[in-house]
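Read through the structure below, which is laid out as structure tokens, and then see the notes.
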2 protein chains.
Amino acid sequence: MVQKPNNRSKDADERLKRRAEVRRLEILRAAARAFRQLGYHATGMRDIAAEADLSPGNLYHYFKGKEEILFFCQDRSLDNMLEALERARLSGGAAPDQLRAVADAHVRVILDELEGSDAHLELDVLGQELRDKLIKKRDRYERGIRKLIAEGLKRGELLDCDPVLVTRAMLGALNWTVRWYRPEGPRSIAAVARSLADYVVRGIDPSPAGGAAVPETEGGSS
Amino acid sequence: MVQKPNNRSKDADERLKRRAEVRRLEILRAAARAFRQLGYHATGMRDIAAEADLSPGNLYHYFKGKEEILFFCQDRSLDNMLEALERARLSGGAAPDQLRAVADAHVRVILDELEGSDAHLELDVLGQELRDKLIKKRDRYERGIRKLIAEGLKRGELLDCDPVLVTRAMLGALNWTVRWYRPEGPRSIAAVARSLADYVVRGIDPSPAGGAAVPETEGGSS
DNA sequence: TCGGTTTTTGAACCACCGTTCGATTATGGC
DNA sequence: GCCATAATCGAACGGTGGTTCAAAAACCGA
């Protein structure tokens, strides 16, 4: 309870912190794996523990509970998406190209073998506090895409449409992949991402056979 | 246990059957309402019972369990969609028009105030038997749309695309509405359905500003 | 080797929820 | 009114699953 900062050297303390952080990531990945295999609701803490190779009780040294684990899974994915959005924005390309890049990255993130899972779609199970944080971040992402569209419209680079509705339709088409995509199937993640990115933008792209201009990100999901 | 068919007149028996059937529908609607408000997993049998105004135990006179309730909810919606698909097919219009009609109806069905709910998306919780039935029916629906697209392509009424992928993308965009649509919002169900139907077809419609040709179904979701 | 802190364990706890069950009440034909 | 059947109730059961906890083990600087 009482502070005892001086009986441990500073860098040693940080080393521990870092180790704990690494362990947390391992657990998160294991959890995402479990979620993907069994579905969020069917996945128990014991499953996560087994997948992460530690005891059930020990999970609670790293996370406050199941909710927090789900939260961090979603949070990390959202960060990845926001990052991709920013990258597209900075690329300075035409609106359709930027949109295609974002859509492509979006699919790659949610289908990612290590982190992706349908847990992304589970917002309702979180408590007020955590849910609000995620909603805030998710809204920032959605607004970003909306802005991309709105600006594209203003610059005449896109066909007339309702940015709000189109954004949601796009995200729906992309998110839906977690429901049907199977790695054993005929299509690679990259191919699906590219095709879908193409499709969702086509409808508002003035250029004739619009598309096929995703900047070849070369499987960069390290 | 033993058959005793003669101590009740035939039509009286059928009257009872019909009454029970009506009650079942009432319960299904109540369940859908509950699912929509709380989400499927957060909705307990006691919630459904309260919403349907009967005791928890009594639910089991009408359904084998929670799974079966969910099953029938989804089954009914699928029937509605298949019906709409058939109607579009029989209309004999051009492929883009048929597709728009199907998409429009699809959104109307899943957002329907009485029956709709995100329970549509919950397949995993069902047991083998029921799930297989639903998957079969859902696949029939999906194949129907795919066929619509494939035939449209063959007749040169649609732009080149992968029917499988486009079908799934379309359904994703449409299904996603259950996640964000709120009746209190600025858009009516009809408006959303129309706009989305327009958007999802636009990308593969050769005609210039394609769309706006949904046959004005006049809120016929009685 | 010693003392503290962190990590780990696995059993136990407990609340919730789907479900069952025996009893009670309505229903409808004779 | 009588009886069989259907409908209804509400308490109780059983199992699952998230979580807690006290104790043991591992770690690490001194």
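If you're wondering where the values come from, they're calculated on a predicted model, not measured in any experiment. Proteins come first, then strands; the chains are lettered A, B, ... in the order of their sequence lines, and each starts at number 1.
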Original post:
Cationic tip of B:Arg187 within the cone over B:Tyr181's six-membered ring, i.e. under 6.0 Å and within 45° of the normal?
Top reply: no

Original post:
Between A:Arg23 and A:Glu26, is there a salt bridge with N-O shorter than 4.0 Å?
Top reply: yes

Under 4.0 Å, counting only non-hydrogen atoms across every strand here, what does [X] touch: a base, just sugar-phosphate, or nothing?
X       : answer
B:Tyr62 : sugar-phosphate
B:Leu59 : nothing
A:Gly57 : base

Return the nearest nucleotide to the side chain of [X]; candidates are [options].
X       : options               : answer
B:Met45 : C:dG18, C:dT8, D:dC9  : C:dG18
B:Tyr60 : D:dT19, C:dT19, C:dT9 : C:dT19
B:His61 : C:dT7, D:dA7, D:dT19  : D:dA7
A:Ser55 : D:dT8, D:dG18, C:dT9  : C:dT9

Rounded to whole angstroms, how far apart are [atom1] on [X] and [atom2] on [N]?
X       : N      : atom1 : atom2 : value
B:His41 : D:dG18 : NE2   : P     : 13 Å
A:Leu70 : D:dG18 : CG    : P     : 12 Å
A:Leu54 : D:dA24 : CG    : P     : 21 Å
B:Lys64 : C:dC21 : NZ    : P     : 14 Å
B:Ile48 : D:dT8  : CD1   : P     : 16 Å
B:Asp47 : C:dC16 : CG    : C1'   : 12 Å
B:Phe63 : D:dA7  : CZ    : P     : 13 Å
B:Tyr40 : C:dG18 : OH    : C1'   : 10 Å

Is the phosphate of [N] approached by [X] (side-chain N or O, under 4.0 Å from OP1 or OP2)?
X       : N      : result
A:Arg19 : D:dC28 : yes
B:Arg46 : C:dC16 : no
B:Asn58 : D:dA7  : no

**OP:** Start with the C-alpha gap between A:His106 and A:Tyr141, add the side-chain angles, then the distance that decides, and say whether ring pair (Phe, Tyr, Trp, His ring centres under 6.0 Å) holds.
**Re:** CA-CA 11 Å; A:His106 186 104; A:Tyr141 180 58; 5.6 Å; yes

Subject >> Considering all heavy atoms, the nearest A:Leu111-A:Ile189 contact >> reply: O-CD1, 3.4 Å

Original post:
Is atom NZ of A:Lys133 surrounded by more than 12 heavy atoms (other residues, nucleotides or ligands) closer than 6.0 Å?
Top reply: no

